[in-house]
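Keep in mind the model is a prediction, meaning the values are calculated, not measured. In listed order, ligands and their atoms are each counted from 1.
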Amino acid sequence: MTFPVQRPRRLRTNPAMRRMVAEYRVHPAELILPAFIREDISQPNPISSMPGVVQHTSDSLKKAAAQAAELGLGGIMLFGIPAQRDATGTASLDPNGVLNKAIRDVRSEVGDTLVVMSDLCLDEFTDHGHCGVLADDGTVDNDATLDIYAQMGVAQAEAGAHVVAPSGMMDGQVGVIRAALDAAGAQDVSVLAYAAKYASAFYGPFREAVDSQLAGDRRTYQMDSANRREAILEVELDLAEGADMVMVKPAMSYLDILADVADMSPVPVAAYQISGEYAMIEAAAANGWINRRAAIEESVTSIKRAGANLILTYWATELATWLKEK
Ligand code: PBG
């Protein structure tokens, strides 16, 4: 008998064999496209640190949503950039504010063929750029923020969101939003909780994408990257408060967290491949340092392999196009 008998290379001999034995594959229906809509522009506005991503006008957003539906994506996650900001983010509650209007526009474009999700957070709407309102001492006031989040949830549901996605990491946010939705008769609107959201340097390009006014950081409300166990606590609290789905964010530097959450969660688990993850790969590829498509596919597969059921990625549309070719 020659040695070795077991030769793993046999199952790697050609593309058809490798495809057949692949343990994980990505499907368009589990991809969610994050999209930005800006109030005061007449042409889509490129985001320099996210080549290929734009701030949409309402026309270009509707087209992007229609294309996403056409390609069979799972959903779209909307972020609004208002023309006017103030200390409490009042534009977030205006039924005709940029985000609520975009939700309505996208819903009328795609109906129920694409899941319409909205970011539920104040950072795009406040003039100080924090995810909540500030107390007199300048700290983010958790409970005063909850009152506004509850109203935002109702406004977004009334605009037609299938799913609202609180991303501000205020304690108790899922519970108050769920209660407000139920009281408003929006029992069928789901909550996707940004449960384990870490304070990350990789959000950098997003700050340009939403023209963020933030001067400091979010370390008093977003999680510390040094903590792993705490992610389970955050997920358990959100589940107890009624989260229908939970998210880990960012994705690539937090695959261990994603695997932990995937292990224990009884509800679907989403992971957000964020702006900085996108920018790094685009920048390296633009320099000819890595193969762009291979790097994108490998990165998204790694998120799937770690346990994500849903993946938010700025490449969602392009990935779905590639998946169709195969
Ligand atoms: C907060 C929010 C952020 C992102 C999504 N929702 C920014 C932050 O927490 O600082 C980041 C997304 C990305 O970087 O792609 N509304």
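- With rounding to the nearest 0.5 Å, the separation of CG in L78 from NZ in K101 is 12.0 Å.
- Under a 4.0 Å heavy-atom criterion, Q222 is in contact with ligand 1.
- In this structure, M169 falls outside the shell of residues with a heavy atom less than 4.0 angstrom from ligand 1.
- Ranking the protein heavy atoms by distance from atom 14 (O) of ligand 1 puts S275 OG, 2.7 Å first.
- There is no side-chain donor-acceptor pair under 3.5 Å between E297 and W315.
- Ligand 1 places these atoms under 4.0 Å from at least one heavy atom of R207: 8 (C), 10 (O).
- Not a single heavy atom of Q273 lies less than 4.0 angstrom from ligand 1.
- Nearest to atom 7 (C) of ligand 1 by heavy atom, out of F206, Y221, Y203, is F206.
- Of the possible donor and acceptor atoms, none in the side chain of N287 sits under 3.5 Å from a partner among the backbone N and O of W289.
- Between L192 atom CG and S118 atom OG the span is 10.0 Å, to the nearest 0.5 Å.
- Counting protein heavy atoms only, atom 1 (C) of ligand 1 is closest to K197 NZ, 3.3 Å.
- Heavy-atom separations between Y314 and ligand 1 include at least one value shorter than 4.0 Å.
- Listed by atom number, the atoms of ligand 1 under 4.0 Å from D119 heavy atoms are 6 (N), 16 (N).
- In plain terms, the two heavy atoms of E70 and K324 that are nearest each other are O-NZ, 4.0 Å.
- Only side-chain heavy atoms of D123 come within less than 4.0 Å of ligand 1; its backbone N, CA, C and O stay farther off.
- Close contacts of ligand 1 with F79, meaning ligand atoms under 4.0 Å from a residue heavy atom, involve 5 (C), 6 (N).
- In this structure, CE on M117 lies 10.5 Å from CD1 on I76, to the nearest 0.5 angstrom.
- In the vicinity of R218, heavy-atom distances shorter than 4.0 Å reach the ligand 1 atoms 8 (C), 9 (O), 10 (O).
- Because its NZ or CZ atom is both nearer than 6.0 Å to the ring centre of Y203 and within 45° of the ring axis, K197 counts as a cation-pi partner of that residue.
- Counting only N and O atoms by type, the side chains of E208 and S48 include a donor and acceptor under 3.5 Å apart.
- No more than 12 heavy atoms of other residues, nucleotides or ligands sit less than 6.0 Å from atom CD of E23.
- Listed by atom number, the atoms of ligand 1 under 4.0 Å from K249 heavy atoms are 2 (C), 3 (C), 4 (C), 5 (C), 6 (N), 11 (C), 12 (C).
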